[in-house]
Amino acid sequence: MPLKNCTPITFLFTRDREKAKLWYRDTLGLVHTASDEFAECFDLGGVPLRIVPIPDHTPSPHTVLGWNVLDIEATVRALAANGVKCEVYEGFGQDELGIWSAPDGHAKIAWFLDPEGNNLSVTQF
């Protein structure tokens with residue numbers, strides 16, 4: 001397979017390029033690597049993230065980007081300290097921090113939205 005050894009690139013879309021740039025850099029703490037005429041670029045642990053302005057972008061209600069974390073409670077608390085509020089979905093049975101635990105106990109997930117409404121998540125396996 002010609003792609004198996006290639007580094008993926010991920011894309012997110014925004015209506016407000018500058019607001020997205022500041023939020024991903026200052027709120028989430030991602031390293032901003034470049035700006036070009038098409039996107040704001042960030043490093044996702046060695047994987048490039050390109051945030052592309054699309055004037056009529058409508059965010060998906062489903063998760064579009066997530067991170068695997070070692071300690072989800074500490075991560076959610078750190079995000080909250082930076083003004084990020086986890087989404088709570090009716091009927092999911094999330095805890096007071098907004099963390100959902102899989103019935104088999106193997107995963108915990110919390111969801112949050114970027115300023116555009118893109119659904120992001122953190123997961124602890």
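Note that NZ of Lys19 and CD1 of Ile51 are 13.0 Å apart. Values are rounded to the nearest 0.5 Å. The line from OG of Ser35 to CD of Glu18 is 8.0 Å long, rounded to the nearest 0.5 Å. Note: Thr27 OG1 to Leu22 CG = 8.5 Å, rounded to the nearest 0.5 Å. Rounding to the nearest 0.5 Å places CG of Leu28 at 8.0 Å from CG of Asn82.
Hydrophobic cluster membership differs between Val88 and Val122, with clusters built from Ile, Leu, Val, Met, Phe, Trp and Tyr side chains linked at under 4.5 angstrom. Residues Val84 and Trp100 do not share a hydrophobic cluster, clusters being chains of Ile/Leu/Val/Met/Phe/Trp/Tyr side chains in contact below 4.5 Å.
Applying the salt bridge (charged side-chain N to carboxylate O under 4.0 Å, His left out) test to pairs two or more places apart or on separate chains, those with a residue in residues 39-49 are Arg17-Glu40. Sorted by first and then second residue, the salt bridge (charged side-chain N to carboxylate O under 4.0 Å, His left out) pairs with a member in residues 115-125 read Arg15-Glu116; sequence neighbours excluded.
For Asp36, the side chain to side chain contact (heavy atoms under 4.5 Å, CB included) test picks out Phe38, Ala39, Cys41, Arg50, with sequence neighbours left out.
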For Arg77 and Leu97: C-alpha separation, side-chain torsions, deciding distance, then whether side chain to side chain contact (heavy atoms under 4.5 Å, CB included) applies.
CA-CA 8 Å; Arg77 290 181 194 282; Leu97 294 174; 3.7 Å; yes

Quiz: residues 106-113 side-chain donor-acceptor pairs under 3.5 angstrom, not counting sequence neighbours:
from   : atom 1 : to     : atom 2 : distance (Å)
His106 : ND1    : Asp104 : O      : 3.0
Trp111 : NE1    : Thr63  : OG1    : 3.2

Can you list, pair by pair, the side-chain donor-acceptor contacts under 3.5 Å of residues 65-75, counting residues two or more places apart and other chains?
from  : atom 1 : to    : atom 2 : distance (Å)
Asp71 : OD1    : Glu73 : N      : 3.2
Asp71 : OD1    : Ala74 : N      : 3.1
Thr75 : OG1    : Asp71 : O      : 2.9

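Side-chain N or O atoms of His62 include none that pairs as donor or acceptor with a backbone N or O of Val64 at under 3.5 Å.
More than 12 non-hydrogen atoms from other residues, nucleotides or ligands lie less than 6.0 angstrom from CZ of Arg25.
The aromatic rings of Phe42 and Tyr24 sit tilted, their planes meeting at an angle between 30° and 60°.
Counting heavy atoms from C-beta on, the side chains of Pro115 and Asp16 never come closer than 4.5 Å. Looking at Pro48 and Thr33, their side chains never come closer than 4.5 Å, going by heavy atoms from C-beta outward.
The hydrophobic cluster around Val52 extends to Ile9, Phe11, Phe13, Ile54, counting ILVMFWY residues whose side-chain heavy atoms fall within less than 4.5 Å of a member.
Minimum interatomic distance between Thr14 and Ala20 (heavy atoms only, all atoms of both residues): OG1-CB, 3.8 Å.
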